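Just below is one structure, and these are the notes that go with it.
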Amino acid sequence: MKIERLELALLELPLVHFFETSFGRIDKKHFVLVTLYGGGFTAYGECVAEQDPYYSAETNETVWHIVTDFIAPRVVGIEFEHPRDVFPALAAIRGHNMAKAAVEMAAWDLYARQRGEPLSQVLGGSRERIASGVSIGIQNSLEELAAKVRRELDAGYRRIKIKIKPGWDLAPVEMIRARFGAIPLMVDANAAYTLADAAHLAKLDAFDLMMIEQPLEYDDIADHAELQRRLTTPICLDESIKTVHLAEEALAAHACRIINIKPGRVGGFRESIRLHDLCAERNIPVWHGGMLESGIGRAANIHLSTLPNFSLPGDIAASKRYFEPDVIDPAIEVAPDGTIAVPREPGLGVSVVQNRLDRATLRRHTITARPVSVVS
Ligand code: OSB
Ligand code: MG
C-alpha cells in the first residue's frame, strides 16, 4: 500500500448544543481532517485534537505542524505492507499521538478500502452492532440536566455519563438517582480534583456508579492508586492513559479498574488494539471514548468497538446529538435498543458529503511525495 498524497484540512462545525466539561464550554467543533490518497482510493482520519490544549497538550495547530513537518515526510510516497507499520515508522517523534493517530487511522481506512473490506474486519472485530452510551455535559441547572437525561433514556441509550466538577458533582448524581432510579450511570471529572478531595469523592460511593472517570490529574498514576484504595466506586482512566506502557504501569499500581480507549490518545488503531489486548489479558473491561467526532471519526470509533473486550457501552452516540447535518449522509443513528449498526461497506463505510466538508473547511494543505523518499 503506497500513500501517494496527504491532505490536511481544518474544519469548523457548529455543535447542536454547547458541550461543557470541567475545563470549559465549546459551541463549535474545530478539527483537522487527514485525507490519504493511494491506488485510486481516498481515505480519512479525523484528528481528535481540539482548539485548546486542555484535554491534552495537543491542539489543531500543533497537529498541523507535526503532520506537515514530521509525519508526512515519513509516510507520503512510502510503501507500507500493512497499516500496523505506520506507528512504528513514526517512533522518532515523541508524543503527538493525536497527530500520529489521524494519519495512521487514515492508513487503515485506505488499506481496508483497497481490500474491499470493512474496517472492523481488518481491525479484527466481529460485532455487527455496538452498545451506545451518552456523555452529558455540565448544564446550567439541575432541571436542564434532568430533561437531558430523560431524553437520552427515552432514545434508548444504554448508559448515562455526566460530566462533573467541584460544585457540580453530588447534587446532579443525587438528583438523577432520585428521579431515574437504578439506571446505568457514571461520572467523568476530566481531572478536576486532587487527592485532597478524596473524602468528598468517597461520598459518590453511596450512589452505586458504574465508575468515576479521570478524577485526578492527567499525569498522575500514583494518586489515582491511592484514591482507588479509598473508594469502592471503580476508577476509569482516560487522560492518563497516553501509551500502552502507561496503562501497564497504571494496572500494576491498581490505579484503575476500567480503561477508556480513544485511539487518538494512544497514537491510533495499532496501539488501541495492543491496549485492548493488554486489558483483556488482565480482565480489565474497556469501553470506547468519544471526542465529539464528526461522522467520520464516529465511524472509526464504531469499527474499533467491535473488538471483544469493549464490553461496556461507549461514548459513541447518534450524529444528531452533535451536528445537524453531519458531514456524512446517512448520519449515524441509534436504534431504540441503544445499539448502532457497524457499517458494512469497505473501509469506514460511510459516505462523506464533499460539499458539506468544503463548506466547513477553513484551511487546506496538500503534501505529495518528495522526489527522494528517504528521510534524512
Ligand atoms: O473526557 O471523554 C471525555 C469530549 C471532549 C473531550 C473529552 C471528553 C469528551 C466527552 C464526549 O466526554 C464524548 C462524546 O463524544 O460524546
Ligand atoms: Mg473522559
Side-chain angles (χ1 to χ4, degrees), residues 13 15-31 46-60 97-98 101 130-139 148-149 151-152 155 157-165 168-169 185-193 209-219 224 234-242 250 256 258-266 286-302 304-305 312-323 326 331-332 334 338 340:
L13 286 177
L15 284 163
V16 167
H17 189 275
F18 70 80
F19 192 78
E20 184 172 329
T21 63
S22 59
F23 42 73
R25 182 182 283 199
I26 58 165
D27 52 21
K28 283 186 194 136
K29 166 86 182 174
H30 290 91
F31 65 98
E46 176 170 337
C47 188
V48 297
E50 301 179 312
Q51 220 169 2
D52 306 304
Y54 301 159
Y55 169 83
S56 86
E58 292 184 84
T59 68
N60 291 325
N97 280 341
M98 292 178 175
I130 63 147
S132 178
V134 279
S135 174
I136 302 179
I138 293 164
Q139 303 297 311
K148 286 239 142 115
V149 172
R151 195 172 72 202
E152 308 301 10
Y157 287 103
R158 295 205 176 178
R159 70 96 167 101
I160 301 287
K161 153 171 149 182
I162 64 162
K163 294 290 190 179
I164 59 166
K165 64 176 181 182
W168 180 269
D169 46 25
L185 179 66
M186 60 173 286
V187 295
D188 184 358
N190 289 107
Y193 298 88
L209 300 173
M210 296 167 79
M211 68 195 88
I212 174 169
E213 185 180 345
Q214 195 69 40
L216 310 179
E217 269 298 336
Y218 84 111
D219 60 353
H224 276 105
I235 290 177
C236 168
L237 289 177
D238 173 359
E239 282 92 327
S240 292
I241 307 297
K242 296 181 284 281
C256 63
I258 300 172
I259 286 179
N260 149 335
I261 297 184
K262 294 176 180 171
R265 207 187 55 224
V266 295
V286 303
W287 54 276
H288 205 300
M291 294 288 287
L292 313 176
E293 288 91 344
S294 84
I296 296 173
R298 199 164 292 279
N301 296 349
I302 293 169
L304 184 63
S305 303
L312 296 165
D315 278 349
I316 308 178
S319 290
K320 69 173 183 207
R321 288 189 76 240
Y322 309 85
F323 309 106
D326 201 334
I332 287 161
V334 170
I340 299 177

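In each ligand, atom 1 is the first atom listed, and ligand 1 is the first ligand listed. None of these values were measured; they are calculated from a predicted model.
Taking 2.8 Å as the threshold, E213 counts as a candidate ligand of the Mg ion (ligand 2), since one of its N, O or S atoms lies below it. The Mg ion (ligand 2) has an N, O or S atom of D188 under 2.8 Å away, backbone or side chain.
Of the candidates F23, F19, Y322, Y322 brings a heavy atom nearest to atom 14 (C) of ligand 1. Proximity annotation for atom 9 (C) of ligand 1: of A189, G133, G290, G290 comes nearest, heavy atoms only.
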Practice item. Test Y157 against S132 for side chain to side chain contact (heavy atoms under 4.5 Å, CB included), laying out the working first. Key: CA-CA 6 Å; Y157 287 103; S132 178; 3.2 Å; yes

Review point. Step by step, would you call D315 with R298 a salt bridge (charged side-chain N to carboxylate O under 4.0 Å, His left out)?
Key: CA-CA 10 Å; D315 278 349; R298 199 164 292 279; over 6 Å; no

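Taking distance alone, with nitrogen or oxygen atoms compared against 3.5 Å, R321 stays at or beyond that limit from ligand 1. The N/O atoms of E50, backbone and side chain alike, include none that comes under 3.5 Å of an N/O atom in ligand 1. Polar contact with ligand 1: present for K161 (N/O pair, distance under 3.5 Å). Where the criterion is an N or O separation shorter than 3.5 Å, residue side chain and backbone included, N190 meets it with respect to ligand 1. The shortest N/O to N/O separation between N260 and ligand 1 does not fall below 3.5 Å.
In this structure, atom 8 (C) of ligand 1 lies nearest to the protein heavy atom K163 NZ, 3.4 Å. Among protein heavy atoms, the minimum distance from atom 6 (C) of ligand 1 is reached at M291 SD, 3.5 Å.
By the criterion of a heavy-atom distance under 4.0 Å, the side chain of D238, and not its backbone, is placed next to ligand 1.
Residues N190 and K163 bring a donor and an acceptor atom of their side chains to less than 3.5 Å of each other. Side-chain contact check for Y55 and D238: at least one donor-acceptor pair (N or O, by modelled atom type) lies under 3.5 Å.
Residue contacts with ligand 1 include E213, since one or more of its heavy atoms lies under 4.0 Å from the ligand.
E50 CD to K29 NZ: the interatomic distance, rounded to the nearest 0.5 Å, is 5.5 Å.
If you look at D238 and ask which of its N, O or S atoms sits nearest the Mg ion (ligand 2), the answer is OD2.
The existence of a salt bridge linking K165 and E20 is confirmed by a sub-4.0 Å separation between a basic side-chain nitrogen and an acidic carboxylate oxygen.
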